[in-house]
Amino acid sequence: MINADRLRDLIYAVAQGTCPPEQALAELQLGPLTGFSPVGDFAHLDTQRAARTGFPEAIWGQDKSPAQIAQLMQHLHQQGSLALATRVAADKLAAIRAYLPSVNYSAQARLCWLGHPPQTYPGIVQVVSAGTADLPVAEEAALTAELCGCQVKRLWDVGVAGIHRLLHHRQYLVQADVVVVVAGMEGALASLVGGLVACPVVAVPTSIGYGASFQGLAALLTMLNSCSSGIGVVNIDNGFGAGVLAAQILRTALKLAAQPKTDSNAH
């Protein structure tokens, strides 16, 4: 972690105009990777992740006890960070709230969180689900993107078996800056959406489907083999990863827009 003396020098340099803010930020982000904080005897939280990547470390809640989840969330929150735990089953909530009474929870997305996004970003993330059964993963993606600081719109149950349902809402797709498509079964919705929009598409295969869908493998392979361009694919049921990726796309767009424009004809 950058030491206090160097941090003070950077602050003075920015205030006096001798160091551009972008240069100071780059030095802070590229400091020694030594920032971690022990929590109990079971975890080491990455305290520099938000500075490096724009989003703090998230907690995988599925295989942790309520006490471990609560301790990790409390530690992150006390540092002024958004504290987010994913895949938290509803039967753990009461035990977590015994430690953290003010914790927020979405039963559909299975997310627990404390705090607010560190920054908000212009642009719209449109999250689309093929079917109602895909909603837990779709809402995980949507809520994660919101907690990253994005404006999110939702469009549910518009799969290819009734394609007129999607086309009826086409205006929402063309207004989006990133589209997250969540689909199980054969996963064809991502290819269809990719052929309709001029923005990045993040495809999320889900494990919904009959036996030959192989717990989402069929949808994953369809999305990977899409004939539409501009589609990126995350892992099966990984709504969290899709939400963060959508936010990273908007974050990068904002960063590029803030950079001073250069004359491409200059020599």
Side-chain angles (χ1 to χ4, degrees), residues 58-64 84-92 106-112 125-146 152-170 172-174 176 178-249:
I59 301 158
W60 172 256
Q62 180 172 303
D63 302 301
K64 293 183 176 68
L84 173 64
T86 68
R87 299 300 170 93
V88 178
D91 59 9
K92 293 183 179 181
S106 168
Q108 188 168 61
R110 293 171 292 173
L111 296 180
C112 268
V125 176
Q126 178 72 61
V127 183
V128 181
S129 82
T132 303
D134 300 311
L135 285 186
V137 177
E139 185 58 27
E140 182 184 41
L143 186 51
T144 296
E146 287 178 333
V152 176
K153 295 186 178 181
R154 295 160 169 82
L155 182 58
W156 300 154
D157 194 26
V158 290
V160 297
I163 195 172
H164 56 291
R165 298 174 298 179
L166 176 69
L167 298 178
H168 181 73
H169 298 288
R170 187 181 173 191
Y172 299 122
L173 299 177
V174 300
V178 183
V179 180
V180 177
V181 180
V182 183
M185 298 288 188
E186 85 289 9
L189 184 61
S191 293
L192 176 61
V193 171
L196 294 174
V197 300
C199 65
V201 174
V202 181
V204 190
T206 73
S207 53
I208 299 301
Y210 295 104
S213 67
F214 299 106
Q215 293 78 49
L217 181 59
L220 173 65
L221 293 176
T222 296
M223 292 172 174
L224 288 172
N225 286 285
S226 173
C227 61
S228 296
S229 57
I231 296 177
V233 186
V234 300
N235 208 348
I236 298 168
D237 291 335
N238 190 8
F240 168 76
V244 173
L245 178 55
Q248 292 285 37
I249 291 170

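Values in this document were obtained by computation on a predicted structure and should not be read as measured data.
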Minimum heavy-atom distance between Ala183 and Gly187, given as atom pair plus value: CB-CA, 4.1 Å
Within-4.5 Å side-chain heavy-atom neighbours: Ile231 and Val193: no
Under 3.5 Å, side chain of Lys153 to main-chain N/O of Ala176, donor-acceptor pair present? no
Looking at side-chain heavy atoms only, is the closest gap between Ile208 and Val137 below 4.5 Å? no
Can you tell me which residue pairs pass the salt bridge (Lys or Arg N to Asp or Glu O under 4.0 Å) test with a partner in residues 157-168, sequence neighbours excluded? Asp157-Arg165
Applying side chain to side chain donor-acceptor pair (under 3.5 Å), name anything that partners Gln108, two or more places apart in sequence or on another chain. none
side-chain contact (heavy atoms from CB on, under 4.5 Å) involving Ala85 - partner list, sequence neighbours excluded: Ile59, Ile69, Met73, Val88, Cys112
In this structure, which one of Ile163, Val128, Val181 forms a side-chain contact (heavy atoms from CB on, under 4.5 Å) with Leu192? Ile163
With heavy-atom distances below 4.5 Å as the criterion, would you say the side chains of Ile236 and Pro205 are in contact? yes
Which pair of non-hydrogen atoms, one from Leu143 and one from Ser106, has the smallest distance, and what is that distance? CD2-CB, 3.6 Å
To the closest 0.5 Å, what do you measure between OH (Tyr172) and CG (Leu155)? 8.0 Å
Considering all heavy atoms, the nearest Trp156-Ser129 contact: CA-OG, 3.4 Å
I need the full list of side chain to side chain donor-acceptor pair (under 3.5 Å) pairs touching residues 230-241, with sequence neighbours left out, sorted by first then second residue. Ser207-Asp237
Mind checking salt bridge (Lys or Arg N to Asp or Glu O under 4.0 Å) for Arg87 and listing every partner two or more places apart, or none if nothing turns up? Glu140
Kindly write out the residues that satisfy ring pair (Phe, Tyr, Trp, His ring centres under 6.0 Å) with His168, not counting sequence neighbours, or none if the list is empty. none
Can you pull out every side chain to side chain donor-acceptor pair (under 3.5 Å) where at least one residue sits in residues 190-206? Sequence neighbours excluded, please. Asp134-Thr206, Ser191-Ser226
Return a table of donor-acceptor pairs under 3.5 angstrom between the side chains of residues 215-224 and protein atoms on other chains or two or more places apart.
| from | atom 1 | to | atom 2 | distance (Å) |
| --- | --- | --- | --- | --- |
| Thr222 | OG1 | Glu186 | O | 2.7 |
| Thr222 | OG1 | Ala218 | O | 3.0 |

Quick one: CD on Glu146 to CZ on Arg154, what's the gap to the nearest 0.5 Å? 4.0 Å
Do you know the tightest heavy-atom contact between Ile249 and Pro200? CD1-CB, 3.9 Å
Grab the two heavy atoms, one from Val180 and one from Ala242, that are nearest each other, plus how far apart they are. CG1-CB, 3.9 Å
Who pairs with Asn225 by side chain to side chain donor-acceptor pair (under 3.5 Å), at least two apart in sequence or on another chain? none
With the side chain counted from C-beta on, respond yes when Leu196 and Leu167 share a heavy-atom pair under 4.5 Å apart, and no when they do not. yes
What verdict does the side chain to side chain contact (heavy atoms under 4.5 Å, CB included) test give for Leu173 and Leu166, after you've listed the backbone C-alpha separation in whole Å, the side-chain angles of each residue and the deciding distance to 0.1 Å? CA-CA 9 Å; Leu173 299 177; Leu166 176 69; 3.7 Å; yes
Lys92 NZ to Lys64 NZ distance, which is reported to the nearest 0.5 Å: 9.0 Å
